[in-house]
**Student:** 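Dropping the structure in here first, questions after.
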Amino acid sequence: QKEVEQDPGPLSVPEGAIVSLNCTYSNSAFQYFMWYRQYSRKGPELLMYTYSSGNKEDGRFTAQVDKSSKYISLFIRDSQPSDSATYLCAIKAGGTSYGKLTFGQGTILTVHP
Amino acid sequence: NAGVMQNPRHLVRRRGQEARLRCSPMKGHSHVYWYRQLPEEGLKFMVYLQKENIIDESGMPKERFSAEFPKEGPSILRIQQVVRGDSAAYFCASSPGRMNTEAFFGQGTRLTVV
């Protein structure tokens with residue numbers, strides 16, 4: 001079993017739709033949760049970072065963490081064609097003193113006009 | 001303020017040759033992580049280095065792969081006697097401190113072994 005599971009998609013939505021991206025994880029030691037966006041042939045770019053259960057909002061993006069279910073989500077409101085990319089969840093264990101990340105496989109998102 | 005710089009962006013090597021991938025962290029960052037991304041897979045941790053020290057190499061293959069981060073100059077990921085299975089995108093990330101969770105990624109080096 002992989003430590004982090006993420007549906008690779010692909011996911012295709014019309015412009016303006018609400019997008020829901022999800023990951024599950026198996027290790028309860030994971031305490032820090034991130035979402036990265038990766039455009040084709042580019043490096044990952046950090047979108048959201050949280051370390052507690054609940055919601056965190058940043059513009060059109062909302063990150064949600066449910067530690068009891070080991071489930072994390074990223075919601076994108078009013079999706080735009082420029083949001084078309086691969087979205088990667090990344091998780092870090094607490095207790096370790098550095099930023100080694102465990103990534104999900106990534107979900108390919110296409111927002112069509 | 002330049003971001004994490006990786007070069008070359010693309011590298012083609014024949015089987016059996018050596019590949020050297022370079023990573024210059026962001027200014028002020030002294031912690032470097034290397035990740036590998038195989039086709040249709042997520043990023044996999046390879047190694048974590050601070051200046052002149054390898055802290056965690058648990059993700060590095062036992063043979064042919066090595067990494068360094070000298071006092072002066074970029075971090076180097078070295079792959080000896082490359083094989084077709086080494087073809088992948090290799091990403092470097094840097095952070096300013098050991099406790100920092102936020103890491104900034106470079107654009108990657110795409111290695112193709114022919």
Side-chain angles (χ1 to χ4, degrees), chain A residues 1-10 21-27 29-52 56 58 63 65 72 85-108, chain B residues 2-10 21 23-26 29-50 53-60 69 88-112:
Chain A
Q1 182 188 7
K2 292 181 180 178
E3 286 190 288
V4 182
E5 298 274 1
Q6 183 177 7
D7 186 343
L21 304 164
N22 310 292
C23 287
T24 59
Y25 62 95
S26 57
N27 188 345
F30 286 142
Q31 294 187 11
Y32 299 89
F33 309 93
M34 283 138 282
W35 284 95
Y36 282 83
R37 177 175 62 194
Q38 185 177 22
Y39 290 114
S40 181
R41 314 298 260 179
K42 301 290 186 183
E45 169 196 9
L46 181 64
L47 279 176
M48 303 280 291
Y49 157 49
T50 183
Y51 58 88
S52 58
K56 182 177 182 179
D58 184 1
V65 175
I72 65 172
T86 298
Y87 289 80
L88 300 152
C89 62
I91 307 180
K92 186 179 95 70
T96 56
S97 57
Y98 55 91
K100 173 182 173 182
L101 300 174
T102 301
F103 282 86
Q105 185 178 352
T107 299
I108 300 170
Chain B
V4 178
M5 303 299 292
Q6 289 188 249
N7 64 82
R9 292 293 308 276
H10 301 276
L21 289 63
C23 169
S24 296
M26 288 180 69
H29 288 194
S30 58
H31 299 253
V32 165
Y33 303 81
W34 285 93
Y35 290 83
R36 177 165 65 175
Q37 187 173 37
L38 292 167
E40 299 184 8
E41 290 190 23
L43 286 86
K44 305 291 185 189
F45 169 80
M46 299 182 75
V47 62
Y48 163 51
L49 309 103
Q50 295 178 25
N53 288 301
I54 297 174
I55 307 302
D56 182 345
E57 56 181 348
S58 60
M60 289 274 273
F69 190 12
Y90 292 83
F91 290 95
C92 164
S94 74
S95 68
R98 188 180 179 93
M99 295 300 294
N100 274 69
T101 296
E102 186 172 337
F104 297 88
F105 281 81
Q107 297 298 297
T109 293
R110 279 157 183 83
L111 171 66
T112 302

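In the text below, chain A, chain B and the rest are named by the order of the sequence lines, each starting its count at 1. Excluded from the calculations below are hydrogen atoms, water molecules and symmetry mates; all remaining heavy atoms, backbone and side chain alike, are included. What you see is a predicted model, and the numbers here were worked out from it, not measured in a lab.
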**Student:** Using every non-hydrogen atom in the two residues, find where A:P44 and B:G106 come nearest and quote the distance to one decimal.
**Tutor:**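 Here A:P44 and B:G106 meet closest at CD-O, 4.5 Å.
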
**Student:** Can you tell me which residue among B:Y33, B:Y35, B:F91 is in a ring-ring contact (aromatic ring centres under 6.0 Å, His included) with A:F103?
**Tutor:** B:Y35

**Student:** In Å and rounded to the nearest 0.5 Å, what is the CG to CZ distance from A:L46 to B:F104?
**Tutor:** 7.0 Å

**Student:** Please determine, among B:Q37, B:R9, B:K44, the option with the most heavy-atom pairs under 4.5 Å with chain A.
**Tutor:** B:Q37

**Student:** Answer yes or no: is there a side-chain heavy-atom contact under 4.5 Å between B:Y48 and A:K100?
**Tutor:** no

**Student:** What residues, two or more places apart in sequence or in another chain, satisfy salt bridge (charged side-chain N to carboxylate O under 4.0 Å, His left out) together with A:E45?
**Tutor:** A:R37

**Student:** Could you walk me through whether A:R41 and B:Q107 pass the side-chain contact (heavy atoms from CB on, under 4.5 Å) test, one step at a time?
**Tutor:** CA-CA 8 Å; A:R41 314 298 260 179; B:Q107 297 298 297; over 6 Å; no

**Student:** Of all residues at least two apart in sequence or in a different chain, which pass the ring pair (Phe, Tyr, Trp, His ring centres under 6.0 Å) check with A:F33?
**Tutor:**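 With neighbours one apart ignored, the set is A:Y25.
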
